[in-house]
Amino acid sequence: MEWKGVLDRYFDYLPVESRKNIVSLSEGNTPLIRARSIEAKLNDDLEVYLKYEGANPTGSFKDRGMTVAVSKAVEKGEKAVICASTGNTSASAAAFAARSGLEAIVVIPEGKIAFGKLSQAMMHGATVVQIEGNFDEALELVLEISNNYPVTLVNSLNPNRIEGQKTASFEIADFLGQAPDYHLLPVGNAGNITAYWKGYKEYSDSGKTTRLPKMTGFQAAGASPIVDGKKVENPETVATAIRIGNPASWEKAENARDESGGMIGKATDDELVEAYRVLADSEGVFCEPASAASVAGLFQMDGTGYFEDGSVLTCTLTGHGLKDPDIAIESSKEPETVGNTVEEVLEVSGL
Ligand SMILES: *Cc1c(COP(=O)(O)O)cnc(C)c1O
C-alpha cells in the first residue's frame with residue numbers, strides 16, 4: 001500500500017478538515033528497530049526498540065507536526081509561517097512551506113545550530129534570521145510577531161504540531177500490537193513528550209490498546225529546567241536540539257510524567273555522547289546527540305529497579321546523525337593516512 005504521510009494514514013485523529021488541503025512529504029512510517037546489542041549490555045531483562053525519526057523526509061520528527069501545522073495554515077488561507085528553532089523546526093518548516101507555496105521565516109540563535117539544519121532552511125528558501133540570543137529568546141520574539149502580524153506560528157505552541165507528532169505513538173502501537181510499557185525520549189521544549197502521551201491516551205481510549213506506557217523523558221544536564229524545577233538562563237549542552245532553558249510545554253510534560261507514573265531525568269554531555277556512540281557503533285543507527293538522550297536515560301536507569309523485568313521499551317531517536325557531523329567527527333578517532341600501496345593499507349587495517 002502506498003504511504004502518503006501521517007495525515008492520510010490517521011486522518012480521523014487529526015484536525016485538518018479536507019484531504020485536498022494536505023501538504024505532505026510522505027513523512028512518518030519510520031522504522032521501529034529492535035536493539036538487540038543494547039539489550040545484551042543491560043542488567044535488566046528488557047525488549048528495546050528504537051523509533052528512528054531520523055528517517056523522516058527532513059531528518060527529524062518535526063515533519064509529523066509540520067505537515068499538520070502547514071496543512072491547517074493552507075486550509076485557513078494563511079500566507080506565511082514563522083518559527084524559532086534550534087535547527088530542526090526551521091528545516092521542517094522551510095521544506096513544508098516550500099512545498100505549499102507559503103513563505104517561511106525562521107529565527108535561530110546565532111552560531112548555535114548544527115550546520116546540516118542551517119543548510120536545509122537555506123536551501124528550501126526560508127528567510128533565515130539569526131539573533132544574538134538563545135532559543136528561548138527567539139521563541140519570545142516570534143510569539144510576539146505572530147500575535148501582531150499576519151503570520152502563523154509553527155512552533156510546538158501551535159496545537160496542530162502536537163496533533164501531528166502524536167502519530168508516532170500510533171505507529172508504535174500499530175507495529176507492536178500494543179503500547180510499550182515504557183517510552184523514553186529526549187525533552188527540550190517538551191512538545192514531543194506531550195504529543196506522545198496524547199497519542200497513547202487516544203489510542204487507549206479508542207480501544208486500540210489496553211495499556212499506557214510510563215513516559216520517561218531526559219533533558220541534558222546543562223539544560224534541565226524541568227528536573228531542577230527552575231528556568232535555566234544560559235542553557236549549555238553539546239545536544240543543541242535540547243538546549244532549552246524555559247520549555248514551552250513545561251506543565252504538559254509534568255502532566256505526562258505524573259499521569260503515566262513515569263519520570264523526567266537528566267543526562268550529562270558525556271552520557272549523551274556515550275549513548276550516541278553506542279547506537280552508531282553497536283546498532284548501526286546514527287542519530288543526533290540530542291536524540292541519544294533516550295538511550296542515555298535507558299543506560300542510566302538500567303539496574304536501578306525503575307524498569308520491571310520483561311518490559312517492552314521504545315526509545316525515540318528524534319533526528320538523523322548527519323544533521324550534526326561535527327560532533328561525530330570530534331568524538332571519533334581520526335582516519336589513518338598512508339601511502340597508496342596495498343602493504344600500507346594492510347598495515348593499518350588489522351587484517
Ligand atoms: C525538537 C527536537 C528535540 C526536542 O523535542 P521537544 O518537543 O522540543 O521536547 C529533541 N531532539 C531533536 C533532534 C529535535 O529536533
Side-chain angles (χ1 to χ4, degrees), residues 27 30 50-56 58-66 69 83-93 95 106 108-109 112-114 116-118 120-121 135-136 138-139 154-159 161-166 168-169 183-199 215-220 223-227 235 237-254 256-257 264 266-267 272 275-276 279 285-297 315-324 327:
E27 63 296 316
T30 54
L50 309 170
K51 182 65 170 161
Y52 186 45
E53 292 288 278
N56 275 297
T58 79
S60 85
F61 73 84
K62 300 297 199 298
D63 293 346
R64 293 180 185 277
M66 208 55 75
C83 64
S85 182
T86 61
N88 283 330
T89 300
S90 62
S92 186
V106 307
I108 57 176
K112 290 294 182 184
I113 85 166
K117 306 177 187 181
L118 183 58
Q120 288 177 289
F135 170 83
D136 301 289
L139 184 59
V154 293
N155 281 102
S156 57
L157 281 165
N158 179 332
R161 279 275 312 277
I162 305 292
E163 291 299 312
Q165 285 169 211
K166 76 189 178 189
S169 32
H183 187 101
L184 290 79
L185 79 173
V187 175
N189 217 20
N192 215 27
I193 189 169
T194 303
Y196 270 90
W197 181 234
K198 187 165 196 286
M215 297 305 296
T216 307
F218 275 81
Q219 302 195 292
S224 53
I226 299 178
V227 183
T237 166
V238 63
T240 50
I242 54 174
R243 186 173 172 274
I244 292 174
N246 184 21
S249 300
W250 189 322
E251 260 179 52
K252 292 187 179 122
E254 288 179 339
R257 175 194 65 194
I264 297 178
K266 57 180 168 182
L272 294 176
Y276 165 71
L279 279 160
V285 178
F286 190 23
C287 67
E288 283 189 45
S291 306
S294 53
V295 172
C315 300
T316 301
L317 302 179
T318 42
H320 201 293
L322 289 173
K323 294 265 193 180
D324 199 354
I327 293 174

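Numbering of ligands and ligand atoms starts at 1, following listing order. All figures in this text were calculated on a predicted structure; none of them were measured in a lab. Keep in mind that the numbers below use all heavy atoms, side chains included, and drop hydrogens, waters and symmetry copies.
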J.: Report the C-alpha separation of Glu288 and Asn88 in whole Å, then their side-chain angles, then the decisive distance to 0.1 Å, and conclude whether the side-chain hydrogen bond (donor to acceptor under 3.5 Å, both in side chains) test is met.
T.: CA-CA 11 Å; Glu288 283 189 45; Asn88 283 330; 2.7 Å; yes
J.: Kindly determine whether Thr316 and His183 satisfy side-chain hydrogen bond (donor to acceptor under 3.5 Å, both in side chains), including the steps that lead there.
T.: CA-CA 8 Å; Thr316 301; His183 187 101; 2.7 Å; yes
J.: Which residues satisfy the salt bridge (charged side-chain N to carboxylate O under 4.0 Å, His left out) test with Arg64, sequence neighbours excluded?
T.: Glu53, Glu171
J.: List below, pair by pair, the N or O atoms of ligand 1 and of the protein that are less than 3.5 Å apart, including the distance to 0.1 Å; reply 'none' if no pair qualifies.
T.:
residue: ligand 1; atom: 7 (O); partner: Gly191; partner atom: N; Å: 3.2
residue: ligand 1; atom: 7 (O); partner: Asn192; partner atom: N; Å: 2.8
residue: ligand 1; atom: 8 (O); partner: Asn189; partner atom: N; Å: 2.7
residue: ligand 1; atom: 9 (O); partner: Gly188; partner atom: N; Å: 2.8
residue: ligand 1; atom: 9 (O); partner: Asn189; partner atom: N; Å: 3.3
residue: ligand 1; atom: 9 (O); partner: Ala190; partner atom: N; Å: 2.8
residue: ligand 1; atom: 11 (N); partner: Thr318; partner atom: OG1; Å: 2.7
residue: ligand 1; atom: 15 (O); partner: Lys62; partner atom: NZ; Å: 2.6
residue: ligand 1; atom: 15 (O); partner: Asn88; partner atom: ND2; Å: 2.7

J.: For the pair His320 and Tyr52, name the ring-plane relationship: parallel under 30°, tilted 30 to 60°, perpendicular over 60°.
T.: tilted
J.: Identify, with sequence neighbours excluded, every residue that meets ring pair (Phe, Tyr, Trp, His ring centres under 6.0 Å) alongside Phe61.
T.: none
J.: For residues 237-250, pull every pair meeting salt bridge (Lys or Arg N to Asp or Glu O under 4.0 Å), keeping only residues two or more places apart or in separate chains.
T.: Glu236-Arg243
